[in-house]
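Accompanying notes for the structure given below.
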Amino acid sequence: MRVGILGSGLMGGKLGTILARAGHEVVFSYARSEQKLEKLARDAKGNARSGTPREAAEAADAVLLAVHWSRTDDVLDQTGDLSGKVVLTCSLPMTDEDTELVVAHTSSGAEELAKRIPQARVVAAFNTVPSEALFGVYEARRRTSRPSLVYCGDDRRGKQLAAGLISDVGFDPVDAGPLRIARYAEPFALLVAQLAYEGKGGPELAYRFELFRSTRRKK
Ligand SMILES: NC(=O)c1ccc[n+]([C@@H]2O[C@H](COP(=O)([O-])OP(=O)(O)OC[C@H]3O[C@@H](n4cnc5c(N)ncnc54)[C@H](OP(=O)(O)O)[C@@H]3O)[C@@H](O)[C@H]2O)c1
């Protein structure tokens, strides 16, 4: 699959690298230096190259939006028309200081993004995991018990594609429902970040949902 990375920092750089290593064709775009994008493409050691946001989106089956909330308009302006494209967003609608969500409860960053690009197939994914965990999850992908990763969206094809990419990174994709569920997933991402960055175990943290059905007979 062809994946365009819009924002090649901690999340975009690592996810693009993993997806290239997993066999996808990746274009890294949107960083403050062209050299950084070229180096990412070289180091990915897969089918990866650097480009402009427009080039990253042009031939892509899916793009990953991975910029700070404050950069959303800028990167989308540089990307151009995303009609019909699957747009995975890991972006969280944070204040400039990264201390609070600026959208919550009655909407979400993912829903606001979908309003901004109404012809695109927006799926919220990868927003509930710290970047530090990504390479470890990929390396552990052959284990039977994989970490969960919630995703949500309103477009069936977009969600199918997202689930495939989530699985390729090494997670067990958990379909959380329509895009409005990002209202719950985005604050949950802050809980995960709290545990990752303030907890005792360190930031290489992912989560797993399991079913625990009682064997006791119901009365
Ligand atoms: N980091 C995490 O663990 C994590 C986890 C879950 C969700 N998120 C969310 O994912 C999104 C991306 O986070 P991140 O940590 O990957 O951010 P990041 O490391 O800051 O990456 C953002 C990318 O945007 C580029 N950029 C910023 N300003 C630019 C400008 N003026 N012109 C061109 N490029 C510019 C940066 O360039 P440079 O590479 O040159 O800096 C970088 O490549 C955010 O919305 C965040 O809330 C992050």
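Any value given below was found using the heavy atoms of this structure, including those in side chains, with hydrogens, waters and symmetry copies removed. Numbering of ligands and ligand atoms starts at 1, following listing order. Every value quoted in this text rests on a predicted model; they were computed, and no experiment measured them.
- H24 and N47 form no side-chain donor-acceptor contact under 3.5 Å, judged by distance and modelled atom types alone.
- No N or O atom of N127 sits closer than 3.5 Å to an N or O atom of ligand 1.
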Stepwise side-chain hydrogen bond (donor to acceptor under 3.5 Å, both in side chains) check, N127 with Y151: CA-CA 9 Å; N127 51 353; Y151 66 102; over 6 Å; no
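- Between the side chains of T128 and Y207, at least one donor N or O lies within less than 3.5 Å of an accepting N or O.
- Between T128 and ligand 1, no N or O atom pair is found at a separation short of 3.5 Å.
- Side-chain contact, D96 with H68: no donor N or O sits under 3.5 Å from an acceptor N or O.
- For the ligand labelled ligand 1, residue V129 lies inside the 4.0 Å heavy-atom shell.
- Backbone and side-chain nitrogen or oxygen atoms of G9 are examined, and one is located within less than 3.5 angstrom of a nitrogen or oxygen of ligand 1.
- Residue contact check for ligand 1: Y197 places a non-hydrogen atom closer than 4.0 Å to it.
- Looking at L92 against ligand 1, both its backbone and its side chain come within 4.0 Å, counting heavy atoms.
- In this structure, atom 20 (O) of ligand 1 has its sub-4.0 angstrom surroundings free of protein heavy atoms.
- Under 3.5 Å, the side chains of S50 and E38 contain no donor-acceptor pair of N or O atoms.
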